[in-house]
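Only a predicted model underlies this, so the values are computations on that prediction, with no experimental measurement involved.
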Amino acid sequence: MNGGFPAVWRGSVASQIRLLIGVLVILVPIGAIISVATIQSQSKAVRALTLALGPATEANNAVLLDMTRAESSWHEVTSGRRAHVDPFSLESTVRDDLARVASGTQSRELNEADRTRFAVLLDRESDAVAAWFSSARAALKGRPANAPLPEAERTQTETAYATFVEANDTVSRTIQAQRNAASVGARDATGTTSDVIIAVALLVVLVVVAAGFGMQHAVGRPLARLREVVRRQAENDVIAMAHQEEGALEVRMLARDFNDLTRANARLVDQQAAVLEMQELVLDVGRGARAAVDVPEALQRVCSKLGAGLGADRVLLYTLAEDAQTIDDRHQWHVDDLPDLPPLPRSLAQQVGVVNEQLRHDAGFFDLGDLLAHEAYDDERARAFHRATGARSLLLLPVGTGGRGLGILAVLMVNAPRRWHRHEIQAAQQCSAIAAQSIVSLRLSQMQDEQVRRLTELDRQKTDFMATVSHELRTPLTSISGYLELLVDGDFGEVSDGQHVALDIIGRNATRLRGLIEDLLVLNKIEISGLQAVSEEVAVRDLLRTVTETMEPVAAGGGVRLICPDVPEELRVKVDRGQVERALINLGSNAVKFTPEGGEVVLSAERSGASTVISVHDTGIGIPAADLARLSERFFRAGNATAAAIPGTGLGLAIVRAIVEGHGGELVIASVEGEGTTMQVVLPVVQPATVPA
């Protein structure tokens with residue numbers, strides 16, 4: 001028994017169903033057999049009544065009636081009266097009636113004993129009938145008609161008739177008694193059949209009801225409680241467990257499977273939480289390493305955060321030198337109650353590079369749950385490491401990147417053995433990769449910082465050198481120009497024509513050298529302190545007029561037409577006038593210089609949206625397409641200009657671009673070799689002031 005219910009309900013549902021079917025299979029056939037037996041008994045009684053006893057009763061009554069008519073007719077004859085029926089003519093009828101009685105009482109519907117008893121009684125009745133007809137004939141034999149019958153003969157005949165009546169009555173009573181018994185049997189069989197059917201039906205109902213209650217106890221209630229447990233789990237009660245000892249076998253098995261699944265899910269949740277914790281640890285290690293300013297700080301953060309996150313006792317990180325064999329540095333972290341470790345013994349220190357290479361080329365890590373275990377302690381290196389560090393459990397990981405080994409990371413447990421889980425090993429591997437990345441990136445960053453420092457220093461020295469050289473060149477150049485002017489003026493004596501030619505050449509080259517020095521000084525000044533512009537609102541017409549006036553003598557000397565169409569007065573820009581004029585004069589000089597005799601240079605300006613576009617267009621030699629991208633580089637000159645031996649320094653466009661971009665503008669260059677070039681200076685338009693109404 002369990003909980004007030006039979007133990008049978010703790011079996012499987014299939015066995016309970018088989019039991020229910022077995023009970024029904026037993027009850028229903030028993031009821032059917034009993035019902036069939038009683039129905040057969042009833043049928044036999046009915047057949048006995050209808051096929052045997054009923055016809056026998058009618059035939060026996062017919063015998064009595066015919067004998068009564070015969071006896072009455074005999075009395076009429078013996079009394080001298082005229083009889084209606086000849087009494088002896090009824091003998092054959094009586095015999096037929098007796099035959100019908102015999103047929104009924106000897107029917108197969110009656111049992112053997114009844115048939116025997118009826119045969120004896122019917123013989124007596126037949127003998128009585130025969131005796132009466134014999135006595136009646138004897139009494140009338142030889143007697144004259146209407147003669148009175150002697151009393152003795154009359155008495156004898158009447159006695160024979162009384163014997164017949166008694167025998168007939170015995171047969172009639174016996175048949176009636178048998179009929180009554182058959183009727184009672186039929187009624188009893190009907191009642192029995194009804195009782196059996198009702199009893200079987202009640203038993204079947206009771207069995208079904210009991211099965212229903214049992215199934216409710218074995219399946220219904222346990223399933224309802226299991227659904228309640230499922231609902232509780234759906235509401236985040238993840239530790240809710242089903243009752244494993246309640247209900248049918250299948251339900252208990254389902255409850256056990258559900259509990260196993262719940263426990264497995266709880267383990268999976270714990271594992272996921274542990275994995276997430278390890279991922280957070282890796283992210284924290286990465287953040288700490290990235291925030292470090294140098295390699296020692298980064299590696300120390302990796303050790304401390306990894307050790308605390310894994311709950312380890314000690315973390316050691318040995319970095320390798322350039323030869324990837326000898327130890328370069330060591331970083332360690334440990335819990336508060338442990339001391340710092342001294343350096344590794346020489347024999348172990350020499351193994352660090354070898355172990356790094358083995359780990360990188362084999363499994364990628366080495367974990368040992370218990371160094372004191374028999375099979376582990378047999379290894380000499382394991383014993384030496386245990387003596388040097390006191391480690392009881394060990395996790396070794398290589399630190400390296402690409403094909404180069406950078407060090408070894410060791411996570412230790414000192415007080416007890418420990419099984420290293422997969423997610424812990426993976427987290428340690430990721431931290432090892434972070435350590436390798438930190439070593440490489442921080443060393444690279446240090447190298448880059450050093451290179452930047454050196455390049456900055458070199459650039460400063462170059463700038464100082466350019467400023468010094470430009471200044472030192474300008475002083476002797478001024479003396480050269482002064483004495484050249486004195487020579488040309490004849491202050492040192494008469495100058496011949498040949499000497500004039502030589503002096504002109506010296507003067508042109510001195511002027512060219514002065515321009516180169518000025519350009520270098522301007523560029524150097526822009527690089528050092530930026531473009532220090534003093535902006536003012538200037539009409540573009542005035543700018544172009546100044547440029548045109550400056551360029552006219554040069555253009556006329558080269559046989560180049562200089563054209564400047566009218567520019568609207570309202571077109572104005574806010575710029576440093578001197579610097580922009582210098583840039584436009586530089587563009588104009590280039591246009592005239594690279595335009596052959598007979599060509600033309602056009603200076604124009606227009607408004608385009610919110611910009612002012614100042615264009616310098618020439619019909620000169622143009623610029624090769626391959627050289628357009630490098631035109632603004634210092635000292636760069638187009639290939640066709642160099643080939644034509646046209647003088648220049650390659651600094652003009654660099655200065656122009658610096659001035660234009662310093663004013664928030666843009667220099668646009670378009671050129672077709674052999675056809676000409678268009679240089680456009682795009683500057684913001686000055687918006688006209690709003691006049692109050």
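Note that CD of Gln426 and NE2 of His421 are 13.0 Å apart. Values are rounded to the nearest 0.5 Å. Arg287 contributes atom CZ, which lies 8.0 Å from atom NZ of Lys305 (distance to the nearest 0.5 angstrom). Note that CG of Leu409 and CG of Leu306 are 6.0 Å apart. Values are rounded to the nearest 0.5 Å. A distance of 6.0 Å separates CG of Leu412 from CG of Leu394, quoted to the nearest 0.5 Å. In this structure, Arg418 CZ and Asp370 CG are separated by 13.5 Å, a value rounded to the nearest 0.5 Å. One distance of note links OG of Ser438 with CD of Glu297; it measures 10.5 Å at 0.5 Å rounding.
Within a 6.0 Å radius of CD in Glu277, no more than 12 heavy atoms belonging to other residues, nucleotides or ligands are found. For CZ of Arg263, the number of neighbouring non-hydrogen atoms (other residues, nucleotides, ligands) closer than 6.0 Å is greater than 12. The local environment of CZ in Arg108 is sparse, with at most 12 non-hydrogen atoms from other residues, nucleotides or ligands closer than 6.0 Å.
Of the charged side-chain nitrogens involved, none lies within less than 4.0 Å of a carboxylate oxygen, so that Arg360 and Glu357 do not count as a salt-bridged pair. Salt bridge status for Glu112 with Arg115: present, with a side-chain N to carboxylate O gap under 4.0 Å.
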Check the pair Val411, Trp420 against side chain to side chain contact (heavy atoms under 4.5 Å, CB included), reporting the backbone distance first and the verdict last. CA-CA 10 Å; Val411 184; Trp420 299 99; 3.7 Å; yes

Applying side chain to side chain contact (heavy atoms under 4.5 Å, CB included), run through Leu121 and Ile175 and close with a yes or a no. CA-CA 10 Å; Leu121 294 176; Ile175 292 173; over 6 Å; no

Show your working on side chain to side chain contact (heavy atoms under 4.5 Å, CB included) between His334 and Leu316 and close with a plain yes or no. CA-CA 9 Å; His334 53 77; Leu316 300 172; over 6 Å; no

Assess the residue pair Gln178 and Phe118 against the criterion (side chain to side chain contact (heavy atoms under 4.5 Å, CB included)); give the C-alpha distance rounded to whole Å, side-chain angles, the decisive distance to 0.1 Å, and a yes or no. CA-CA 10 Å; Gln178 192 69 25; Phe118 279 121; 4.1 Å; yes

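For the pair Asp329/Val295, no side-chain contact is recorded, criterion being any heavy-atom separation below 4.5 Å from C-beta on. Residues Pro296 and His331 have side chains in contact (heavy-atom distance under 4.5 Å, counting atoms from C-beta outward). The closest side-chain heavy-atom distance from Leu359 to Leu397 is not below 4.5 Å. For the pair Val399 and Thr319, the minimum side-chain heavy-atom distance is 4.5 Å or more. Counting only heavy atoms from C-beta outward, the side chains of Gln325 and Val354 approach each other to under 4.5 Å. The side-chain heavy atoms of Leu110 and Leu53, taken from C-beta on, include a pair separated by under 4.5 Å. Put simply, the side chain of Thr57 does not reach to within 4.5 Å of the side chain of Ser172, judged on heavy atoms. Within the 4.5 Å cutoff, the side chain of Val315 has no heavy atoms near those of the Val302 side chain.
Taking both residues in full, the closest heavy atoms of Ser611 and Val682 are given as CB-CG1, 3.7 Å, listed atom of the first, atom of the second, then distance. Of all the heavy atoms in Asn111 and Asp114, the pair that sits closest is OD1-N, 2.7 Å. Between Ala291 and Arg301 the shortest heavy-atom distance is CB-NH1, 3.2 Å. Here the shortest heavy-atom pairing between Thr389 and Phe385 reads OG1-O, 2.7 Å. Closest heavy-atom contact between Ala388 and Leu341: O-CD2, 3.9 Å. Between Ile434 and Ala289, the shortest heavy-atom distance links the atoms CG2-CB, 3.8 Å.
No donor-acceptor pair under 3.5 Å is formed between the side chain of Arg314 and the backbone N or O of Ala410. Of the possible donor and acceptor atoms, none in the side chain of Asn356 sits under 3.5 Å from a partner among the backbone N and O of Pro398. A donor-acceptor distance shorter than 3.5 angstrom exists from the side chain of Gln300 to the backbone of Gln332, with no hydrogens or angles considered. Using a distance-only test at 3.5 Å, with no hydrogens or angles considered, no donor-acceptor pair links the side chain of Ser393 to the main chain of Pro417.
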